[in-house]
Amino acid sequence: MPYLTNSKDIQDLMASYAQSQILWIDTEVADHQTRKPKVSLIQVLDDPTDLTGEQVSILDVLDHPELIDYFVDKIIVNPAVEKVFHNASYDLKLLGKAKAQNVTCTLELAKKIPYYLLQVRNLQLKTLAEELCYFPPVDKTEQTSDWGVRPLTASQLHYAKMDAIYVAHVHQQLLKLNRRSEPDPASEDLTALSDRYQQIAYQWKLLDTEMTHLQERLKKAMQAQNVSETEVFELSSYQRTSKKVQFDQLAKLAQAKGIELDFPVALTQKLQKELGVMIEQLQVEEDVTTNWRLSVKDQNDEELPF
DNA sequence: AAGGAGGTGATAGTAGAGAG
DNA sequence: CTCTCTACTATCACCTCCTT
């Protein structure tokens, strides 16, 4: 695990990483709770088979904005290098943000996979490492430690290095699941899909209706009994404020005060009816969309699998 | 603390179908 | 044709998650 603090070494390594096809990256940020957060470490891995962190480079860029700029320039905006992060938008906020090219986010990837294929408690990197990749329990206490002090502790460096390992392994596993969850629609087996649907439809209906019913009863019961929480549930309410004004009044005000108010108003069927032929005097924008609906055909009872 | 993506739940509007 | 029912989509305000 090279931990680099020398600017020249760091820059050389960044230059060589710019030749890679894919890199797994994580960052640690100091002063994240202030208005001026700064990148403390950039951890880079180019070998996804690494389990121990031997291949992870920890680049110490604290108070070296020129190194961060160099990294952004050579790697982040470089479309030839695929960059993999967990919750990429967080890291990229401090790493070139808008200009970033060819970025993969393992959190986004995980969100696209339905729960039945990815059965984990939540989508934190820690959880995915433990429950998807079977890493031993991950201690996140260093996550919120002070990344602005030097020297860093051995425990901090270990945490920093392992995060890059987790990103790489989680990424590999998610790609496998992704291939299963997004097959080519053109070659799907319609018979197999229909069979599976019928197989679970009855169970689903039983569970779905009971779940909805339980939720309704719990909500009503907790309200009626003035209970705000049980061991399992929490019942909360919130105020919802929405404001409305008569269109006529708004139009008159805009005209009287010369306010620039230009936005499309939906011409609902009701409005179209009221306007009648006068609608022809308006420049109506028409938007036609095609919506697809899947419905279950009526079937003979004997054919049902239950 | 901050911000972006997406979920939630209420409300409103729509198409399609059946009845008269 | 109109009326009504049902099942959907769209929109809105608010909430939750994820990272350090």
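Proteins come first, then strands; the chains are lettered A, B, ... in the order of their sequence lines, and each starts at number 1. These numbers come from the heavy atoms of this one structure, side chains and all, not from hydrogens, waters or symmetry mates. All of these numbers come straight from a predicted model, not from anything done at the bench.
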Nearest-Å distance, [atom1] ([X]) to [atom2] ([N])?
| X | N | atom1 | atom2 | answer |
| --- | --- | --- | --- | --- |
| A:Lys112 | B:dA5 | NZ | P | 14 Å |
| A:Leu109 | B:dG6 | CG | P | 13 Å |
| A:His86 | B:dA5 | NE2 | P | 16 Å |

Side chain of [X] - closest among [options]:
| X | options | result |
| --- | --- | --- |
| A:Glu108 | B:dA1, B:dA5, C:dT19 | B:dA5 |
| A:Lys111 | C:dT19, B:dA1, B:dG6 | B:dG6 |
| A:Gln33 | B:dA1, B:dA2, C:dC18 | B:dA1 |
| A:His32 | C:dC18, C:dT19, B:dA1 | B:dA1 |
| A:Leu125 | C:dT19, C:dC18, B:dA1 | C:dT19 |

*asked:* Under a 4.0 Å threshold between the charged nitrogen and the carboxylate oxygen, would A:Asp139 count as salt-bridged to A:Lys126?
replied: no

*Which residue, A:Phe135, A:Trp24, A:Tyr159, forms the ring pair (Phe, Tyr, Trp, His ring centres under 6.0 Å) with A:Tyr166?*
A:Phe135

*What is the nucleic acid contact for A:Ser145, judged by heavy atoms within less than 4.0 Å: base, sugar-phosphate only, or nothing?*
nothing

*Kindly work out whether a path of hydrophobic side-chain contacts (I/L/V/M/F/W/Y, heavy atoms less than 4.5 Å apart) joins A:Val77 to A:Val44.*
yes

*Which atoms form the tightest heavy-atom contact between A:Pro37 and A:His32, and what is the distance?*
CB-CA, 3.9 Å

